[in-house]
*Asks:* 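Below is a structure I'd like to ask you about.
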Amino acid sequence: MFILSSSSPTTTFFISTATTTPTPKARVSFSSFVSSSSSSVRFCTRRQPFPSHFHSFKASAMAEMLQDKESPAPPPAATTSPGETSKDSRTFLNATTEQELLAGITKEIETGRLPSSVASGMEELYHNYKNAVFQSGNPRADEIVLSNMAIVFDRVFYDVEDPFVFEPNHKALREPFDYYMFGQNYIRPLVDYRNSYVGNISLFYEMEEKLQQGHNIVLMSNHQTEADPAIIALLLEATNPRIAENMTYVAGDRVLIDPLCKPFSMGRNLICVYSKKHMTDVPELVEMKRKANTRSLKEMALRLRGGSQLIWIAPSGGRDRPYPNTEDWYPAPFDTSSVDNMRRLVEHSGTPGHIYPMALLCHNIMPPPPQVEKEIGEKRVISFHGVGLSVSPGISFSDIATACENPEEAKDLYTQAVYNVVMEQYNVLRSAIHAKQGLEASTQSVSLSQPWN
């Protein structure tokens, strides 16, 4: 359910003034399910994150994501909590130039504290992010890149030294360091809001009303990039901040173990399931993964019984990929068992529930590798580009089942019907963004808008 905090501190990451959206007035905290292995979150001494003389723009950005609370002084401890900054991690936060920032990577390799595999990924990420932000034409692009990447490096390095272990019931970490806003402000400069659109925005208001009434909402969507959660939240934060912050994402386990992805995952509510695409990567772990998925389904069933749940799921089991022959991007086909399992969980929860088909177009921002990779540590290709999402009213399973001769046929037809609606919306977004038709691409069933204007 929605739990609104009493205040919402503003975060001052450096962002593009041309693409900035209003800051939400309310903050929502929420819980989720992440991994098959459980461990307690570390709570220990909070140290002053920066010396008082550190006054560069990075200090302003970082300090405002570290939310100070009045509390008794804790006893000394050897490490800091997941939201804190160790005194040894200022290698990156103290950098005032690109050269100093990248030199910090070399320094930490030489000390033996930063594995070379992680270091190479950090440097590659820096250059790709820099190129993408400079594509935006923002006159402050150099400051944006240095500020945002310094904080990313700090978070990655901190986790390498003191790895965060996701609990099965992970909750987005908002304090003392706000990992949610950290992710939002990192992706924000990559979005071309002038060429971005939301379809059927009125349905998101409808969802908010249903959630307040205790109903459950499930969004069945295609999946395109690691940045999908941030893209969805950025497009909705001006009009529907509670939805933007209260979304729970069904995610694969890889986003919990990739060093460059973990800090961003820490700011999201996640329900972890092992993707079918990676189920057999390690044969001896197949049974463990299946049992973990069963536990996740049971946990989700408990959550749905309580009502007011907002869950996003990609029934394709992974990110969309371009067609090999044409290089065109379209939503990957939905898996019937995934759709049916989710539908039955909603219907048998004892609480009113609604399934909305959602289309998401954002692959240009951060496309996945052309093929599914087994190894952790994929190359992050990044671009500045327009993005879009759209939702449509739900489809009645009972109406489809009535016309079918057997239950299996009904499951297949329902899955295809949901997928077809996603494809219809996706094609509208594609016309608006890639074909440059803009708002004129709207159809009778998909009304496009730019609610941040």
Side-chain angles (χ1 to χ4, degrees), residues 9-21 23 49-50 54-66 83 85 89-105 118-119 121-160 173-174 177-193 225-231 233-234 237 258-268 362 365-366 380-385 387:
T10 302
T11 303
T12 56
F13 248 74
F14 277 84
I15 56 179
S16 167
T17 55
T19 61
T20 303
T21 58
T23 302
F50 305 105
F54 188 69
H55 57 272
S56 72
F57 49 81
K58 294 185 296 301
S60 174
M62 186 75 169
E64 292 194 23
M65 280 187 292
L66 285 165
T85 301
S89 72
R90 290 199 298 270
T91 296
F92 302 108
L93 295 177
N94 281 341
T96 58
T97 66
E98 175 183 295
Q99 290 73 22
E100 290 180 4
L101 185 63
L102 297 179
I105 296 177
V118 178
M122 291 167 67
E123 187 164 354
E124 179 183 71
L125 181 66
Y126 176 86
H127 291 295
N128 289 345
Y129 186 75
K130 174 183 176 181
N131 291 337
V133 175
F134 270 77
Q135 289 172 17
S136 70
N138 191 306
R140 302 181 70 189
D142 55 346
E143 294 181 2
I144 294 171
V145 173
L146 185 60
S147 172
N148 289 1
M149 288 307 304
I151 299 175
V152 170
F153 284 5
D154 174 74
R155 295 293 93 188
V156 170
F157 180 60
Y158 179 79
D159 191 72
V160 167
L173 299 180
R174 302 300 304 266
F177 181 87
D178 194 335
Y179 279 91
Y180 172 82
M181 289 307 301
F182 158 73
Q184 292 303 99
N185 289 320
Y186 179 78
I187 298 298
R188 195 188 309 272
L190 304 177
V191 176
D192 180 3
Y193 284 94
T225 78
E226 291 176 327
D228 284 3
I231 297 297
L234 285 170
E237 66 180 358
D258 188 310
L260 296 183
C261 195
K262 277 185 69 178
F264 298 97
S265 299
M266 289 161 70
R268 305 291 164 182
C362 60
I365 293 281
M366 196 180 294
R380 269 81 183 186
V381 178
I382 308 173
S383 297
F384 173 77
H385 206 276
V387 297

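As the structure is a computational prediction, the values presented were derived from the model and not from experiment. Worth knowing before you read on, the calculation uses all heavy atoms, side chains too, and leaves out hydrogens, waters and symmetry mates.
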*Asks:* Can you tell me how far the OH atom of Tyr180 sits from the CG atom of Leu173, to the nearest 0.5 Å?
*Replies:* 14.0 Å
*Asks:* Give a yes or no on whether the backbone of Ile382 and the side-chain of Asn128 come within a donor-acceptor separation of less than 3.5 Å.
*Replies:*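 Absent.
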*Asks:* Heavy atoms, side chains only, cut-off 4.5 Å: are Val133 and Asn138 in contact?
*Replies:*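 Counting from C-beta outward, Val133 and Asn138 never come under 4.5 Å.
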*Asks:* At what distance, to the nearest 0.5 angstrom, does CG of Leu101 lie from OG of Ser147?
*Replies:*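 So the gap between those two atoms works out to 10.5 Å.
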*Asks:* Is there side-chain contact between Met122 and Val152, with heavy atoms separated by less than 4.5 Å?
*Replies:*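 They are not in side-chain contact.
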*Asks:* Find the distance between CD1 (Ile105) and OH (Tyr126) and round it off to the nearest 0.5 Å.
*Replies:*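 Answer rounded to 0.5 Å: 9.5 Å.
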*Asks:* Among side-chain atoms of Thr96 and Glu100, is any donor-acceptor pair under 3.5 angstrom?
*Replies:*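 Their side chains do contain a donor-acceptor pair, which is all the 3.5 Å distance test asks for.
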*Asks:* Below 4.5 Å, heavy atoms only, C-beta onward: do Pro259 and Asp159 meet side chain to side chain?
*Replies:* no
*Asks:* For Met266 and Phe177, what are the C-alpha separation, side-chain angles and deciding distance, and is it a side chain to side chain contact (heavy atoms under 4.5 Å, CB included)?
*Replies:* CA-CA 11 Å; Met266 289 161 70; Phe177 181 87; over 6 Å; no
*Asks:* Using the side chain to side chain contact (heavy atoms under 4.5 Å, CB included) rule, take Phe134 and Asp142 through it: C-alpha gap first, then chi angles, then the decisive distance, then the call.
*Replies:* CA-CA 8 Å; Phe134 270 77; Asp142 55 346; 4.0 Å; yes
*Asks:* Of the non-hydrogen atoms in Cys362 and Thr225, which two are nearest, and what is the gap between them?
*Replies:*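 It is O-CG2, 3.4 Å.
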*Asks:* So which atom in Pro189 and which in Ile144 form the shortest heavy-atom distance, rounded to 0.1 Å?
*Replies:*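 Nearest pair, atom of Pro189 first, then Ile144: CG-CG2, 3.8 Å.
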*Asks:* Counting distance only, does the side-chain N/O of Asp154 pair as donor-acceptor with the main-chain N or O of Ala150 below 3.5 Å?
*Replies:*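 Here the side-chain-to-backbone pair does not exist.
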*Asks:* Is the side chain of Ser383 donor-acceptor paired with the backbone N or O of His385 at a distance under 3.5 Å, no angle test?
*Replies:* no
*Asks:* Rounded at 0.5 Å granularity, tell me how far CG in Asn148 sits from CD in Glu143.
*Replies:* 11.0 Å
*Asks:* Measuring from atom NE2 of His127 to atom CD of Glu98, what distance do you get when rounded to the nearest 0.5 angstrom?
*Replies:*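 Atom-to-atom, His127:NE2 and Glu98:CD are 6.0 Å apart.
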*Asks:* Of all heavy-atom pairs between Ala95 and Leu146, which one has the smallest distance, and what is that distance?
*Replies:*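 For Ala95 and Leu146, the tightest heavy-atom pair comes out as O-CD2, 4.5 Å.
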*Asks:* Once rounded to the nearest 0.5 Å, what's the spacing between atom CG of Leu93 and atom OH of Tyr158?
*Replies:* 12.5 Å
*Asks:* What are the two closest non-hydrogen atoms of Val160 and Val118, and how far apart are they?
*Replies:*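 Distance-wise, the nearest heavy atoms are CG2-CG1, 4.2 Å.
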*Asks:* Taking all atoms of both residues into account, what is the closest heavy-atom pair of Ala233 and Arg268, and its distance?
*Replies:* CB-NH1, 4.1 Å
*Asks:* Going through the distances and angles, do Leu234 and Tyr193 end up as a side chain to side chain contact (heavy atoms under 4.5 Å, CB included)?
*Replies:* CA-CA 10 Å; Leu234 285 170; Tyr193 284 94; 3.5 Å; yes
*Asks:* Measure across Glu226 and Cys261 and return the closest heavy-atom pair with its distance rounded to 0.1 Å.
*Replies:*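 Answer, listing the atom of Glu226 first, then Cys261: OE2-SG, 4.1 Å.
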*Asks:* State whether the side chain of Asn185 and the backbone N or O of Phe182 hold a donor-acceptor pair below 3.5 Å, judged by distance alone.
*Replies:* no
*Asks:* Establish, for the pair Arg155 and Tyr186, whether the NZ or CZ atom is under 6.0 angstrom from the six-membered ring centre and no further than 45 degrees off its axis.
*Replies:*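 Pair Arg155/Tyr186 does not count as cation-pi.
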*Asks:* Let me see the working for Arg380 and Glu124 under side chain to side chain contact (heavy atoms under 4.5 Å, CB included), right down to the final yes or no.
*Replies:* CA-CA 8 Å; Arg380 269 81 183 186; Glu124 179 183 71; 5.6 Å; no
